[in-house]
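Working notes for the structure below.
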Amino acid sequence: MDKQPNSPEARDIQYHLHSYTNARRHQEIGPMILEKGDGIYVEDNNGKRYIEGLAGLWSVGVGFSEQRLVDAATKQMQKLPYYHNFGHKSHGPVIDLAEKLVTMAPVPMSKAFFTNSGSEANDTAIKMLWYRSNALGQPQRKKIISRKRGYHGVTIAAASLTGLPANQMSFDLPIANILHTSCPHYWREALPGETEEQFTDRMAADLEAMILAEGPETIAAFIGEPIMGAGGVVVPPDSYWGKIQAVLKKYDILLIADEVICGFGRTGNMFGSETFKMQPDIMVFSKQLSSSYLPISALVVNEKVFAPLADESNRIGTFGHGYTGGAHPVAAAVANENIKIIEENNLVANAREVGAHMQKRLRELADHPLVGEVRGKGLIAAVELVADKQTKEPLEKAGNLGLMANNALLNNGVICRNMLDTVAFCPPLIINEKQVDEMVGAFAKALDTVAAEVKK
Ligand SMILES: Cc1ncc(COP(=O)(O)O)c(C=O)c1O
């Protein structure tokens with residue numbers, strides 16, 4: 001790190017509190033500063049080039065240098081740089097985007113609502129459901145069931161949905177009325193001798209037992225990512241979502257699909273809900289909605305959610321919810337163009353085809369002594385590392401191997417992310433097979449480096 005007093009690194013340490021960072025350690029090691037993007041690559045301020053193996057934060061679908069998005073933003077900035085949708089106001093980009101999202105959803109949907117981040121969108125989903133329950137004369141129906149290791153963001157309600165300790169410890173979370181059921185990670189969570197079928201039966205039985213213990217009339221919705229992302233890329237067994245949805249239907253509980261990572265092609269279909277045959281009442285989008293060139297997120301809701309909400313807003317006089325930057329015309333224009341690019345350039349098919357190649361190449365590492373499990377679908381995958389393949393034990397402490405591997409991978413020119421001992425791969429949707437080979441090759445080398453260090 002450059003320790004000159006006025007270097008960007010020193011000023012970063014002096015003035016900048018980072019997200020998801022050990023603030024004390026940051027004072028010692030300082031930042032990695034990125035300066036440029038080009039396709040699937042980014043470059044740091046020393047001129048070193050990296051494959052962005054996580055597409056930023058699972059989000060830059062079209063890559064880091066898409067001129068069409070720059071042009072869409074510029075054009076809209078010049079025409080109408082800002083407007084909102086409060087009090088019946090609207091504008092072209094947000095009307096186009098609302099129509100597009102509602103009509104492209106894989107199940108019948110009614111309306112789109114706009115927010116700025118995945119967390120805000122999930123908070124909004126909860127508020128909509130509470131409002132809906134009151135509208136229906138069911139004030140007791142307020143609980144939301146989420147899952148252990150699910151990730152839904154960090155605002156107070158979204159962080160409560162999130163089922164990861166670091167998002168709740170010392171934040172006095174979760175809030176009331178949020179429950180967490182079992183995580184469908186077969187490789188980690190299956191009982192000895194349990195088949196996948198028996199495992200998903202047990203997941204559904206756990207959910208039903210929770211619903212009955214709490215009282216079905218108190219449960220508003222179940223929220224889940226089709227594939228869990230930040231909880232370690234957990235791909236549920238094929239039979240999981242069908243059985244979960246059968247339980248929800250039985251007790252008239254709504255389903256929220258958090259498509260913030262899976263949406264717009266990631267799993268090899270336009271939406272994760274298609275990949276897993278989910279029939280959500282609410283879908284939550286962000287990240288690849290605009291390839292994160294600008295912050296924007298959205299919910300689409302069906303008529304079951306919209307109709308009572310509309311009636312309640314009529315009774316009260318307004319739907320008293322919305323954000324200054326929600327429905328931002330520049331972000332909406334970028335999202336519209338981004339979806340066009342995904343469709344015109346067949347990036348969903350690319351995620352399916354190049355994704356299959358990435359899954360195959362990563363699975364070739366399964367015999368490596370440090371690899372416990374390789375999992376994924378489409379262009380999202382993870383390799384979970386273990387010190388002992390039989391017991392699945394970590395090296396001394398969970399997270400040691402993941403961090404070592406991620407650091408070695410960075411040295412080899414690939415930015416990824418380790419969640420404890422799981423290294424995640426989620427490259428831009430535009431990646432090709434040759435670039436996948438480059439990325440997986442760098443990871444294979446990183447694994448050997450770590451294995452040699454562990455031996456020492
Ligand atoms: C599935 C999912 N939902 C919600 C969020 C929260 O989004 P944001 O960071 O934009 O608040 C994320 C972020 O990673 C996510 O992966």
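Both ligands and their constituent atoms are indexed starting at 1 by order of listing. Residue numbers run from 1 in the order of the sequence given.
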Val284 contact mode with ligand 1 (heavy-atom cut-off under 4.0 Å):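 For Val284, there is no contact with ligand 1 at all, from either part.
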Can you name the atoms of ligand 1, numbered from 1 with element, that are less than 4.0 Å from a heavy atom of [X]?
X      : value
Ser119 : 6 (C), 7 (O), 8 (P), 11 (O)
Asn122 : 3 (N), 4 (C)
Lys287 : 12 (C), 13 (C), 14 (O), 15 (C), 16 (O)
Glu225 : 1 (C)
Ser117 : 10 (O), 11 (O)
Gly118 : 6 (C), 7 (O), 8 (P), 10 (O), 11 (O)
Ile261 : 16 (O)

Side chain to side chain donor-acceptor pair (under 3.5 Å) evaluation trace for Asn122 with Tyr151: CA-CA 10 Å; Asn122 283 325; Tyr151 189 84; over 6 Å; no
Atom [atom1] of [X] and atom [atom2] of [Y]: how far apart are they, to the nearest 0.5 Å?
X      : Y      : atom1 : atom2 : result
Gln14  : Gln27  : CD    : CD    : 10.5 Å
Met270 : Ile339 : CE    : CD1   : 7.5 Å
Met419 : Glu384 : CE    : CD    : 9.5 Å

For Leu420, does its backbone N or O pair with a side-chain atom of Asn418 as donor and acceptor, under 3.5 Å?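 Yes; judged by distance alone, with no hydrogens or angles, the pair exists.
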When you measure from the side chain of Thr115 to the backbone N and O of Gly326, does any donor-acceptor pair fall under 3.5 Å?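 Such a contact is absent between Thr115 side chain and Gly326 backbone.
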Atom 3 (N) of ligand 1: nearest protein contact (heavy atom, Å):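 It is Asp258 OD2, 2.7 Å.
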Can you check which of His152, Glu120, Glu259 brings a heavy atom nearest to atom 4 (C) of ligand 1?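 Minimum heavy-atom distance to atom 4 (C) of ligand 1 goes to His152.
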Full working for side chain to side chain contact (heavy atoms under 4.5 Å, CB included) between Tyr186 and Glu373: CA-CA 11 Å; Tyr186 177 72; Glu373 188 189 33; over 6 Å; no
